[in-house]
Amino acid sequence: MKTRDKDAVIRVVKAFKPVDWMIFPVEQHDRALVRIIMHDGRSQSLSDGLQDALRDSRDWRITMIPIEATLPVPEPLEDEEAKANLQVLREELLDDVTRDAALNRDFLILSGLSTVVAAIGLNSDGVAAVIGAMVIAPLLGPILGFALGAGLGNFNLIGKSTRTLAAGIGVALLTAFLLSFLLPINKESHELMSRAEVRLDGVALALAAGGAAALSMARGRSAVLVGVMVAAALLPPGAALGLFIGSGEWTLATRAAMLLLLNIVCLFLSALIVFRFKKIRPRGWIDQRNASRATRINAGLSAGLLILLIVLIVVLDLGSSVDLT
């Protein structure tokens, strides 16, 4: 930052009560370097305050660097509300989700390979193979990308995530469809046939998976394990749908398609609600207004579609087992 902005920056730093802060001289005499150590999860408020203070200035930069440990150990937060609202930096979260929602060659390859493993596991009734496929499936990124994009009013991220998810599911369907010509469909497989049963407990699974993934990301925790839950809601029904279509089993394919659509809606809706609950929103009030409108629209559409799907499940009795006789 420029030295003329030093007083304004110091006022902001003191107002947010950091663990420690220091000012260092640099070779450029008209600039200054400030290093600040904040409590975990409190950096977002400081970052927003500094950006507001430096809004009319130029030649400044804020760099966030994670600290593994510092001695002596900082005093714990006394404000219970502050401790309850600990969350990852908005910019860090946006960067992570945007990177994971990118449509690239690696994403497409992983989507195809995970579908191969899932399809073989489903058809052979191999639980271990299905679980292994869910571990490597890269479907968490676009789901969270869509929800975060709606929460921030970032329509570029929404569009990018939608294209990535569509491409991933498309690759899964195509891969499973091609495998159906090599793998005679095994209707005795419980793993496969269970993906043709659309039960309401699947709604709970998808809602929990999306919410857990969003909450983990919002608190700066690893989302690897909840990513498996997200893949559990998407990859097996997607692979089963491709196998059923390739085998000409249209009744089973319709049921698998309904399950896949239901899970997508539940994942979007629960992740969107969690990001909103955690107050993941833009900094400016105009951007916040746009984000609120985008959140309401997407949440309303998702909730309406979810209700419609649940009604169809109940009316058509899609949760019952298929009579194969």
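Throughout, residue positions are numbered sequentially from 1 according to the sequence presented. What you see below is based on every heavy atom in this structure, not just the backbone, and it leaves out hydrogens, waters and symmetry mates.
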Taking atom [atom1] of [X] and atom [atom2] of [Y], what is their separation to the nearest 0.5 Å?
X	Y	atom1	atom2	answer
I120	L182	CD1	CG	9.5 Å
M22	I37	CE	CD1	4.5 Å
L174	I245	CG	CD1	10.5 Å
R195	H190	CZ	NE2	8.0 Å
L241	T254	CG	OG1	8.5 Å
L144	F268	CG	CZ	9.5 Å

Using only atom types and a distance under 3.5 Å, with no angle test, would you say the side chain of [X] pairs donor to acceptor with the backbone of [Y]?
X	Y	answer
S194	E191	yes
S114	S111	yes
N186	S124	no
R255	T251	no

Would you call [X] and [Y] a side-chain contact if the rule is heavy atoms closer than 4.5 Å?
X	Y	value
D59	R31	yes
V198	L312	no
T70	D20	no
L157	L94	yes
L309	L261	yes
S180	L243	yes
I185	L192	yes
L252	M193	yes

Next on the checklist: Go through it in stages, so that I can follow the logic: the residues are N263 and L259, the test is side chain to side chain contact (heavy atoms under 4.5 Å, CB included), and I'd like the CA-CA distance, side-chain angles, deciding distance and then a yes or no.
Outcome noted: CA-CA 6 Å; N263 287 344; L259 177 60; 3.8 Å; yes
Cluster check [X], [Y]: I/L/V/M/F/W/Y, side chain < 4.5 angstrom:
X	Y	answer
W250	L260	yes
L173	F181	yes
V117	V135	no
I62	M38	yes
L178	L108	yes

Between [X] and [Y], which heavy-atom pair has the shortest distance, and what is it?
X	Y	value
L46	V13	CD1-CA, 4.2 Å
V274	L215	CG1-N, 3.6 Å
L269	A303	CD2-CA, 4.2 Å
L235	A137	CD2-CB, 3.8 Å
P138	L110	CG-CB, 3.8 Å
A53	V12	CB-CG2, 3.7 Å

Item to check | side chain to side chain contact (heavy atoms under 4.5 Å, CB included) between K160 and L103, worked out | outcome: CA-CA 8 Å; K160 178 180 180 180; L103 177 58; over 6 Å; no
Item to check | Pair D7 + R11, salt bridge at N-O below 4.0 Å | outcome: no
Checklist entry - Going through the distances and angles, do L272 and S302 end up as a side chain to side chain contact (heavy atoms under 4.5 Å, CB included)? => result CA-CA 10 Å; L272 183 60; S302 298; 5.6 Å; no
Item to check | Derivation of the side chain to side chain contact (heavy atoms under 4.5 Å, CB included) call for V171 and T115 | outcome: CA-CA 8 Å; V171 168; T115 303; 5.6 Å; no
